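Here the structure comes first, spelled out in structure tokens, and everything after it is commentary.
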Amino acid sequence: MVRDRVVEIFRQALAEGAAQGRWPSIEAGFSVEAPRDPKYGDFAVNAAMVLAKPAGKPPRVLAQAIVEAVRAADARHELAGLEIAGPGFINVRVAPDVWLGALERAVAAGADYGRTAVGQGRKVIVEYVSANPTGPMHVGHGRNAVTGDGVQSLLRWAGFDVTREYYVNDYGAQVQTLARSVHLRYQELHGRAITFPPKAYPGEYVKDIAAALKAELGDRYLDAPEREWLAIFRDRAVQHVLGMIRGDLAAINIEFDRWSSEKALYESGTVQRFLKVLEEKDLVYVGKLPPPKSKKGQPPPPPQDGDAHDANDEGVAASEDLTLFRSSSYGDEVDRPVKKADGTPTYFCADIAYHWEKRQRAELLVDVLGADHGGYVPRLEAAMEALGGSRKDLHVVLIQMVNLTRGGAAVKMGKRAGNVVWLREVLDEVGRDAARFIFLTRRSDAPLDFDVELAKKQTLDNPVFYVQYGHARLAAIFAKAREAGHAVPEFELEAARTLTAPEEQDLIRRIAAFPDLLSGAALAFEPHRVAFYLQETIAAFHSWYTQGKRTGERVIGPDPRKTAARLFLCRALKQVLANGLAVLGVSAPERMESPETRDIDAEV
RNA sequence: GCGCCCUUAGCUCAGUUGGAUAGAGCGUCGGACUACGAAUCCGAAGGCCAGAGGUUCAAAUCCUCUAGGGCGCACCA
């Protein structure tokens with residue numbers, strides 16, 4: 001907000017100067033940023049350096065002229081200092097009262113502080129999780145879920161009109177494999193000896209589903225041919241698994257506005273209609289898929305993982321005629337099939353139909369996908385463009401692997417080995433808050449080490465604990481203040497002017513920057529920024545607090561005016577922490593259970 | 001072989017979309033509590049931003065190449 005004012009004043013001054021022909025109008029834009037080092041002032045503006053070349057004048061000379069124009073534009077004297085420094089920066093010092101005004105606004109906005117209108121109400125669909133309904137969510141899905149939820153939350157805070165969406169892959173080979181797996185267990189429950197093939201789903205939940213089906217259907221489908229039971233078993237199994245997934249999501253506190261079913265896309269005729277559109281637009285043709293990329297006549301790496309979903313990968317005869325989508329004309333490497341040799345649509349076909357349909361409902365689409373789908377992105381973007389939009393209409397957030405560790409040692413897991421770590425297990429052990437926060441302590445496109453032991457620890461090296469403790473500590477201060485007879489602090493400019501210590505000034509600036517932080521993180525689709533901001537801000541608070549203990553300048557002190565001002569600062573800070581945690585879906589506790597208290601409780 | 005992502009302090013990672021002297025936490029060493037939560041804080045040491053070129057007033061950030069690591073390269077979803 002404060003920054004917005006600075007931008008506005010400069011923009012006005014630059015426009016006036018340009019109108020008078022003193023320098024060219026600024027098209028490329030200019031930056032107004034808080035410099036790393038506070039000695040350079042509150043904001044550094046690079047306008048003179050940007051204009052130097054088109055103006056044909058040295059940046060420092062230009063800066064001098066700009067400063068004069070800015071002084072003239074600053075009618076209300078909101079800027080207290082303008083200095084030219086370094087290669088041509090204009091360092092701006094904002095009048096102290098302006099900062100204090102930001103503090104006041106933070107408290108006045110309360111639980112809405114941090115909301116902005118940068119999204120202008122534009123419709124955006126964020127699709128995340130979309131785990132195949134073939135089993136419960138594992139830890140990797142958890143990272144996707146939390147990151148996606150952070151993204152949608154940020155977009156909401158930034159003023160976008162957000163729909164949270166889950167795409168259910170309830171059609172195709174994988175859910176059929178699930179159905180067959182269930183049927184095998186169903187036979188087993190009837191006392192039949194079965195051989196469980198490696199490609200079937202091994203999990204215990206498959207037995208649960210089989211038991212439920214046995215209870216419901218008896219032995220009706222025990223010896224029936226597959227075509228009689230496949231659809232029934234599939235639909236029942238998918239419903240059951242979706243129930244588990246909903247439970248997992250509830251456990252991590254995530255809800256969706258819309259569940260879109262792949263099967264429904266077929267049954268409603270959307271896929272067929274979409275294929276017709278592709279033909280009308282001449283985006284498909286019948287041809288042969290070029291042989292897979294390879295050099296020196298070497299065959300491409302064989303598709304050799306034993307994943308359960310590779311149910312029917314018989315070798316591919318590259319010579320058959322297929323219906324191909326002209327994705328290579330839109331930036332993809334090759335054209336991609338939309339129909340298989342047997343004429344049925346491919347997964348890709350339904351998926352772009354889905355994206356096409358989503359695009360009619362929203363201006364901007366966000367997909368949160370596992371990094372193993374990275375190679376899939378170009379063809380999705382190609383589809384966006386081919387269908388008359390822009391590849392920018394879709395933003396894909398890729399989520400890298402989670403390496404689960406326990407006290408530093410890797411916890412082995414992998415679908416192949418059948419030793420998946422379910423999300424629920426981790427949640428039960430470390431709690432929802434810790435899991436959510438730790439998933440966001442790393443950029444999403446880099447692998448994350450998740451240490452279960454660390455996540456449980458009640459010490460400062462556990463970032464969740466550290467931040468929550470800070471919030472609880474602030475709450476404790478208010479409890480103390482109440483006890484000492486201090487009213488809930490209201491803003492009073494005279495009192496607030498006593499907040500002159502460097503640590504206090506630093507905290508005020510952090511509080512004022514919170515809306516910018518959120519909108520920046522939203523536009524970059526990077527929720528981890530919020531997690532880092534919270535850690536840094538709470539560290540600044542702890543530092544100030546402890547400093548106060550040493551110097552005697554405590555929050556609650558002998559001077560009632562200073563006390564009121566500091567309490568007000570604490571109030572704003574607590575609000576910012578609570579809001580930041582709310583964005584991430586992490587609770588902001590009023591008090592923490594202390595180890596000592598727990599010990600005492602245990603003895604009693 | 002090709003494409004995408006990654007490489008920053010001993011370890012784990014940030015780095016405000018190209019800004020000034022690259023920052024945190026952990027670990028190491030040394031310090032700080034008679035009062036609001038020491039569950040905290042302060043200080044020190046620690047760097048050729050993987051390497052080499054280029055773009056410009058300015059590069060950890062953008063481009064090219066090289067080296068290492070991850071993922072992908074299906075008529076599967």
Side-chain angles (χ1 to χ4, degrees), chain A residues 31 33-37 40 44 46 49 52-53 58-59 85-89 91 132 134 169 171-175 262 289 292-296 298 300-301 303 307 309-314 316-318 320 322-323 333-334 336-342 344 346-348 350-351 370-378 398 400-401 408 441-443 445-447 449 451 458-461 463 465-466 469-470 472-473 475-481 483-484 513 516-517 520-521 523-524 528-529 532-533 535-536 539 542-550 554-557 591-592 594-596:
Chain A
S31 72
E33 287 176 351
R36 234 193 299 278
D37 192 333
Y40 293 121
N46 70 347
M49 291 182 288
K53 194 165 221 185
F89 284 106
N91 290 337
N132 286 336
T134 53
N169 300 130
Y171 190 75
Q174 293 186 14
V175 284
E262 182 187 7
L289 201 59
K293 283 260 169 71
S294 66
K295 244 190 170 169
K296 297 170 192 164
Q298 260 199 327
D307 264 16
H309 60 262
D310 298 336
N312 47 0
D313 57 89
E314 289 104 57
V316 172
E320 283 183 84
L322 297 166
T323 303
E333 282 177 35
V334 291
R336 307 286 177 178
V338 290
K339 279 188 194 172
K340 305 178 199 169
D342 64 6
T344 60
T346 58
Y347 173 82
F348 172 60
D351 201 23
D372 55 345
H373 289 68
Y376 189 72
V377 175
L398 290 180
Q400 270 288 357
M401 309 266 97
T441 52
R442 187 90 161 90
R443 259 189 1 251
D445 58 359
D449 292 324
D451 194 314
Q458 306 254 308
T459 58
L460 82 161
D461 46 331
F465 176 77
Y466 183 69
Y469 168 63
R473 197 179 212 186
I477 290 173
F478 287 108
K480 185 77 186 177
E483 223 171 86
D516 283 336
L517 170 96
L523 295 174
H528 75 273
R529 289 192 195 180
F532 281 95
Y533 168 87
Q535 291 183 74
E536 286 163 11
H542 283 312
S543 176
W544 171 58
Y545 177 91
T546 310
Q547 188 85 14
K549 276 180 92 161
R550 200 180 1 254
R554 310 180 67 105
V555 175
I556 301 166
R591 52 187 298 268
M592 308 286 281
S594 80
E596 295 91 65

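Quick caveat, the model's predicted, so the values are computed rather than measured. The sequence lines fix the lettering, A, B, ..., with proteins before strands; numbering per chain opens at 1.
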[atom1] atoms of [N] and [M], separation to the nearest Å:
N	M	atom1	answer
B:C29	B:G46	C1'	12 Å
B:C13	B:A9	P	11 Å
B:G51	B:A60	C1'	14 Å
B:G31	B:G68	P	47 Å
B:A45	B:G25	P	15 Å
B:U7	B:C76	P	33 Å
B:C41	B:A24	P	13 Å
B:C65	B:A20	P	28 Å

Return the nucleotide paired to [N]: Watson-Crick means purine N1 to pyrimidine N3 with N6-O4 or O6-N4, wobble means G-U with N1-O2 and O6-N3, both under 3.5 Å.
N	value
B:C62	B:G54
B:G18	none
B:A67	B:U7
B:U28	B:A44
B:G72	B:C2

### Summary
All heavy atoms of A:Gly374 vs all of A:Leu398, minimum pair found to be CA-CD1, 3.9 Å
Base, sugar-phosphate, or nothing for [X], non-hydrogen atoms under 4.0 angstrom?
X	value
A:Ala44	base
A:Ala341	base
A:Ala484	nothing
A:Ala85	base
A:Pro337	sugar-phosphate
A:Asp449	sugar-phosphate
A:Glu262	sugar-phosphate
A:Ala472	base
A:Gly520	nothing
A:His373	base
A:Ala34	base
A:Lys480	sugar-phosphate
A:Leu322	base

### Query
Does the side-chain ring of A:Phe532 lie flat on the base of B:A14, meaning centres under 5.5 Å and planes less than 30 degrees apart?
no
### Message
Determine whether the aromatic ring of A:Phe89 stacks with the base of B:G19, defined as ring centroids separated by less than 5.5 Å and ring planes inclined by less than 30°.
### Response
no
So does [Y] get a backbone contact from the side chain of [X], meaning a donor-acceptor N/O pair under 3.5 Å?
X	Y	result
A:Arg591	A:Ala475	no
A:Ser543	A:Ala539	no
A:Thr346	A:Pro337	yes

Just to confirm, is there a sub-4.0 Å distance from OP1 or OP2 of [N] to any side-chain nitrogen or oxygen of [X]?
X	N	result
A:Lys339	B:C75	no
A:Ser543	B:C42	yes
A:Lys340	B:A77	yes
A:Lys549	B:A38	yes
A:Arg442	B:C13	yes

Can you check the [X] [atom1] to [N] [atom2] distance for me, whole Å?
X	N	atom1	atom2	result
A:Glu33	B:U61	CD	C1'	12 Å
A:Asn46	B:A59	CG	P	15 Å
A:Phe348	B:C73	CZ	C1'	15 Å
A:Phe465	B:C26	CZ	C1'	16 Å
A:Asp37	B:G23	CG	P	9 Å
A:Tyr545	B:A32	OH	C1'	14 Å
A:Asn91	B:U21	CG	P	13 Å
A:Asp372	B:C73	CG	P	8 Å

Choosing from [options], which nucleotide comes nearest the side chain of [X]?
X	options	result
A:Arg36	B:A77, B:U40, B:A20	B:A20
A:Tyr40	B:G31, B:A77, B:A20	B:A20
A:Gln174	B:A77, B:A32, B:U40	B:A77
A:Arg554	B:C41, B:A77, B:A35	B:A35
A:Tyr466	B:U40, B:C33, B:A77	B:U40
A:Gln400	B:G70, B:A20, B:A38	B:G70
A:His542	B:G31, B:U40, B:C36	B:U40

### Task
Could you tell me how the ring of A:Tyr376 sits relative to the ring of A:Phe348: parallel (under 30°), tilted (30 to 60°) or perpendicular (over 60°)?
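The rings of A:Tyr376 and A:Phe348 stand perpendicular, inter-plane angle above 60°.
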### Query
Could you state the interatomic distance from OG1 (A:Thr441) to CG (A:Asp449), rounded to the nearest 0.5 Å?
9.5 Å
### Query
Using 4.0 Å as the upper bound for N to carboxylate O, is an ion pair formed by A:Asp445 and A:Arg443?
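A:Asp445 and A:Arg443: salt-bridged.
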### Query
Using the glycosidic torsion, which applies to B:U40: syn (within 90° of 0) or anti (everything else)?
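Anti, angle beyond 90° from zero.
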### Message
Test side chain to side chain contact (heavy atoms under 4.5 Å, CB included) on A:Asn169 and A:Gln174; report intermediate values, then the result.
### Response
CA-CA 8 Å; A:Asn169 300 130; A:Gln174 293 186 14; over 6 Å; no
### Message
Between A:Lys549 and A:Arg554, does the side chain to side chain contact (heavy atoms under 4.5 Å, CB included) criterion hold? Intermediate values first, please.
### Response
CA-CA 6 Å; A:Lys549 276 180 92 161; A:Arg554 310 180 67 105; 3.3 Å; yes
### Task
Decide if atom OH of A:Tyr171 counts as having more than 12 heavy atoms of other residues, nucleotides or ligands within a radius under 6.0 Å.
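For A:Tyr171, atom OH is not crowded (no more than 12 foreign heavy atoms under 6.0 Å).
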### Query
Considering heavy-atom distances to RNA chain B, does A:Phe478 or A:Leu523 have its closest nucleotide positioned more toward the 5' end?
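Going by which nucleotide is closer to the 5' end, it is A:Leu523.
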### Task
Would you mind telling me which residue lines up with the more 5' stretch of RNA chain B, A:Ala371 or A:Gly548, judged by nearest nucleotide?
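With A:Ala371 and A:Gly548 compared, the 5'-side residue is A:Gly548.
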